[in-house]
Colleague: 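This is the structure I want to talk about, given as structure tokens.
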Amino acid sequence: MNAKWLAKEYILSVHAWLLDRLSDPILAANKIFCDQHKGERCFILGSGPSIKEQDLTRLSGELVMTQNHFHAHDDIKTINPSYHVNVPMYQPAEYHDDWRQWLTGMNERLPTSTTLFFGKNTKCMVDELGLFQGRSYYIKTGGSFVTRRTAPVDLTRTIMPVPTVLTQCLAIAIYMGFSEIVLTGFDLDQIFLKMQDRSKVRFYGLSPITDNEAEETAEKEAAQYGKEWFYWWMIWQQCFLLKDVAEKKGIRVVNATRGGLLNVFPRKIFEDMV
């Protein structure tokens with residue numbers, strides 16, 4: 001492993017640890033979610049193409065967490081997610097209009113009862129647009145998972161960086177204390193699909209923040225220089241850390257995705273669970 005890269009990862013972790021010593025009222029607001037759903041079950045829905053093969057109307061009445069552009073799903077009103085999680089803003093300022101368009105569409109399609117989580121760095125844009133008032137909360141990602149032996153899931157502090165929204169959703173659900181977390185639609189086989197047609201990676205095709213030059217360039221460079229494989233290794237390592245934390249808390253995480261590559265968690269059949 002590159003020594004210079006590893007040293008940088010340790011510095012990032014120390015920096016995050018030092019900042020966590022300071023009081024942050026924005027993150028402190030998340031304390032209300034600690035063990036709020038102890039003893040309950042939730043479904044976390046991914047955007048993999050396999051989700052199109054599952055009847056999500058069966059989730060009516062269940063506690064559901066959706067993510068990113070899932071509001072594009074035809075059954076979003078019936079699914080009626082309790083929570084919707086978004087990755088932190090990660091593209092340059094010249095693409096902020098794409099993010100504004102994305103957030104506006106999210107506001108139009110998500111039920112008004114849905115509570116939303118954003119990266120702390122997205123708060124200024126959410127406030128600027130005047131959206132999701134009274135139901136938006138913020139998390140802070142950072143540090144390095146490489147230097148950790150256990151996954152941080154305290155939402156009032158820094159959690160792990162987000163290579164994929166899955167690890168962000170899992171941290172939130174574990175913090176909320178759900179006794180069972182069911183994943184579905186997390187195919188995690190984009191590394192192969194992108195080589196054929198990037199518009200087929202997710203059930204909805206492309207969203208305003210993925211259908212732009214910044215995203216396409218980043219994906220091409222990741223594939224060209226082999227970074228894509230490193231990102232996938234990050235996802236798997238973070239999932240193992242989160243699985244360990246969940247098990248120590250008595251939380252069961254299962255994967256009800258139809259197919260896909262995610263074998264970190266025990267497999268279940270979606271239709272048998274609803």
Colleague: Would you give the length of the straight line joining atom OG1 of T210 to atom CG of D98, rounded to the nearest 0.5 angstrom?
Modeller: 9.5 Å
Colleague: Kindly say whether Y204 contributes a backbone atom to a donor-acceptor pair with the side chain of R202 at under 3.5 angstrom?
Modeller: no
Colleague: Can a donor-acceptor pair be found, under 3.5 Å and without considering hydrogens, that links the side chain of N68 to the backbone of V165?
Modeller: no
Colleague: Check this for me: does any side-chain nitrogen of one of R41 and E62 sit under 4.0 Å from a carboxylate oxygen of the other?
Modeller: yes
Colleague: If you compare all heavy atoms of P152 against all heavy atoms of R148, which two are closest, and at what distance to 0.1 Å?
Modeller: CD-NE, 3.2 Å
Colleague: If you look at every heavy atom in P88 and Q168, which pair is closest and at what distance?
Modeller: CD-OE1, 3.7 Å
Colleague: Please tell me if the side chains of L27 and N30 come closer than 4.5 Å, counting only heavy atoms from C-beta onward.
Modeller: yes
Colleague: What distance do W236 atom CH2 and K243 atom NZ have between them, rounded to the nearest 0.5 Å?
Modeller: 13.0 Å
Colleague: Should we say atom NZ of K77 is surrounded by more than 12 heavy atoms from elsewhere, each under 6.0 Å from it?
Modeller: yes
Colleague: Answer yes or no: is there a donor N or O on one side and an acceptor on the other, between the side chain of N212 and the main chain of E215, under 3.5 Å?
Modeller: yes
Colleague: Tell me if a side-chain donor or acceptor on D187 pairs with a main-chain N or O of D189 at a distance below 3.5 Å.
Modeller: no
Colleague: For D244 and K248, what are the C-alpha separation, side-chain angles and deciding distance, and is it a salt bridge (Lys or Arg N to Asp or Glu O under 4.0 Å)?
Modeller: CA-CA 6 Å; D244 185 59; K248 288 177 179 176; 3.1 Å; yes
Colleague: N255 side chain to V264 main-chain N or O, any donor-acceptor pair under 3.5 Å?
Modeller: no
Colleague: Examine the side chains of H84 and T114 and answer whether a donor and an acceptor come within less than 3.5 Å of each other.
Modeller: no
Colleague: If only atom types and distance count, is the side chain of T217 paired as donor or acceptor with the main-chain N or O of E213 below 3.5 Å?
Modeller: yes
Colleague: Are the side chains of N107 and W102 in touch, meaning some heavy atoms are under 4.5 Å apart?
Modeller: no
Colleague: With K123 as the cation and Y138 as the aromatic partner, state whether NZ or CZ is under 6.0 Å from the six-membered ring centre and within 45° of the axis.
Modeller: yes
Colleague: For ring pair (Phe, Tyr, Trp, His ring centres under 6.0 Å), just list the numbers for H71 and H69, CA-CA rounded to whole Å, side-chain angles, deciding distance to a tenth of an Å, and then say yes or no.
Modeller: CA-CA 5 Å; H71 53 276; H69 201 62; 4.5 Å; yes
Colleague: Kindly check if the number of other-residue, nucleotide or ligand heavy atoms within 6.0 Å of CD1 (I32) is above 12?
Modeller: yes
Colleague: Please name the pair of heavy atoms, one in T158 and one in G142, separated by the smallest distance, quoted to 0.1 Å.
Modeller: CG2-N, 3.4 Å
Colleague: State whether a side-chain donor-acceptor pair under 3.5 Å links H37 with Y175.
Modeller: no
Colleague: Could you walk me through whether F178 and L63 satisfy the side-chain contact (heavy atoms from CB on, under 4.5 Å) test, starting with their C-alpha distance in whole Å, then the side-chain angles of each, then the deciding distance to 0.1 Å, before giving a yes or no?
Modeller: CA-CA 10 Å; F178 286 104; L63 280 165; 3.7 Å; yes
Colleague: Quick one: does L183's side chain get under 4.5 Å of L170's, heavy atoms only?
Modeller: yes
Colleague: When you measure from the side chain of S179 to the backbone N and O of E40, does any donor-acceptor pair fall under 3.5 Å?
Modeller: yes
Colleague: Using only atom types and a distance under 3.5 Å, with no angle test, would you say the side chain of T257 pairs donor to acceptor with the backbone of F186?
Modeller: yes
Colleague: Grouping I, L, V, M, F, W and Y whenever their side-chain heavy atoms are under 4.5 Å apart, do I209 and L206 come out in a common cluster?
Modeller: no
Colleague: With no hydrogens and no angle check, do the side chains of D75 and T57 hold a donor and an acceptor under 3.5 Å apart?
Modeller: no
Colleague: Is it true that T184 and Q54 share a donor-acceptor pair across their side chains at a distance under 3.5 Å?
Modeller: yes
Colleague: Nearest heavy-atom pair of M273 and F43: which atoms, and what distance?
Modeller: O-CZ, 4.1 Å
Colleague: Does Q238 reach the main-chain N or O of P163 with its side chain, forming a donor-acceptor pair under 3.5 Å?
Modeller: no
Colleague: Roughly how far, to the nearest 0.5 Å, is CD of Q190 from OG of S47?
Modeller: 9.5 Å
Colleague: After noting the C-alpha distance and the side-chain angles of I26 and K120, does the key distance pass the side-chain contact (heavy atoms from CB on, under 4.5 Å) rule?
Modeller: CA-CA 8 Å; I26 296 174; K120 187 181 172 186; 4.0 Å; yes
Colleague: Quick check: is M160 connected to I11 through a chain of hydrophobic side chains (ILVMFWY, heavy atoms under 4.5 Å apart)?
Modeller: no
Colleague: If only atom types and distance count, is the side chain of S136 paired as donor or acceptor with the main-chain N or O of L116 below 3.5 Å?
Modeller: no
Colleague: Go through the steps to decide whether I79 and L45 satisfy the test side-chain contact (heavy atoms from CB on, under 4.5 Å), and finish with yes or no.
Modeller: CA-CA 10 Å; I79 296 167; L45 308 186; 4.0 Å; yes
Colleague: Kindly indicate whether the side chain of N80, heavy atoms from C-beta on, has any atom under 4.5 Å from the side chain of S113.
Modeller: yes
Colleague: Please report the C-alpha distance between T167 and L242 in whole Å, then the side-chain angles of each, then the deciding distance to 0.1 Å, and finally whether the side-chain contact (heavy atoms from CB on, under 4.5 Å) criterion is met.
Modeller: CA-CA 8 Å; T167 57; L242 288 162; 3.8 Å; yes
Colleague: Distance from Q36 atom CD to M176 atom CE, nearest 0.5 Å?
Modeller: 6.5 Å
Colleague: Quick one: do R258 and E271 make a salt bridge, cutoff under 4.0 Å?
Modeller: yes
Colleague: Residues in side chain to side chain donor-acceptor pair (under 3.5 Å) with R100, at least two apart?
Modeller: D97, E128
Colleague: Roughly how far apart are M89 CE and F118 CZ, rounded to 0.5 Å?
Modeller: 11.0 Å
Colleague: Under 4.5 Å between side-chain heavy atoms, chaining through other members, with only Ile, Leu, Val, Met, Phe, Trp and Tyr counted: pull out the rest of the cluster around L19, sorted by chain and number.
Modeller: L22
Colleague: Specify the closest pair of heavy atoms between A72 and F203, including all atoms of both residues, with the distance to one decimal.
Modeller: C-CE1, 4.4 Å
Colleague: Does the gap between the ring centers of F117 and F33 come in under 6.0 Å?
Modeller: yes
Colleague: Check whether any side-chain heavy atom of E247 lies under 4.5 Å from a side-chain heavy atom of I251, and answer yes or no.
Modeller: no
Colleague: Quick one: are I159 and K140 in side-chain contact, heavy atoms under 4.5 Å?
Modeller: no
Colleague: Below 4.5 Å, heavy atoms only, C-beta onward: do I76 and F70 meet side chain to side chain?
Modeller: yes
Colleague: Work out which heavy atom in S50 is nearest to a heavy atom in G185; give both atom names and the distance.
Modeller: OG-CA, 4.0 Å
Colleague: Once rounded to the nearest 0.5 Å, what's the spacing between atom CD1 of I44 and atom CG of L166?
Modeller: 7.0 Å
Colleague: With heavy-atom distances below 4.5 Å as the criterion, would you say the side chains of Y90 and V162 are in contact?
Modeller: no
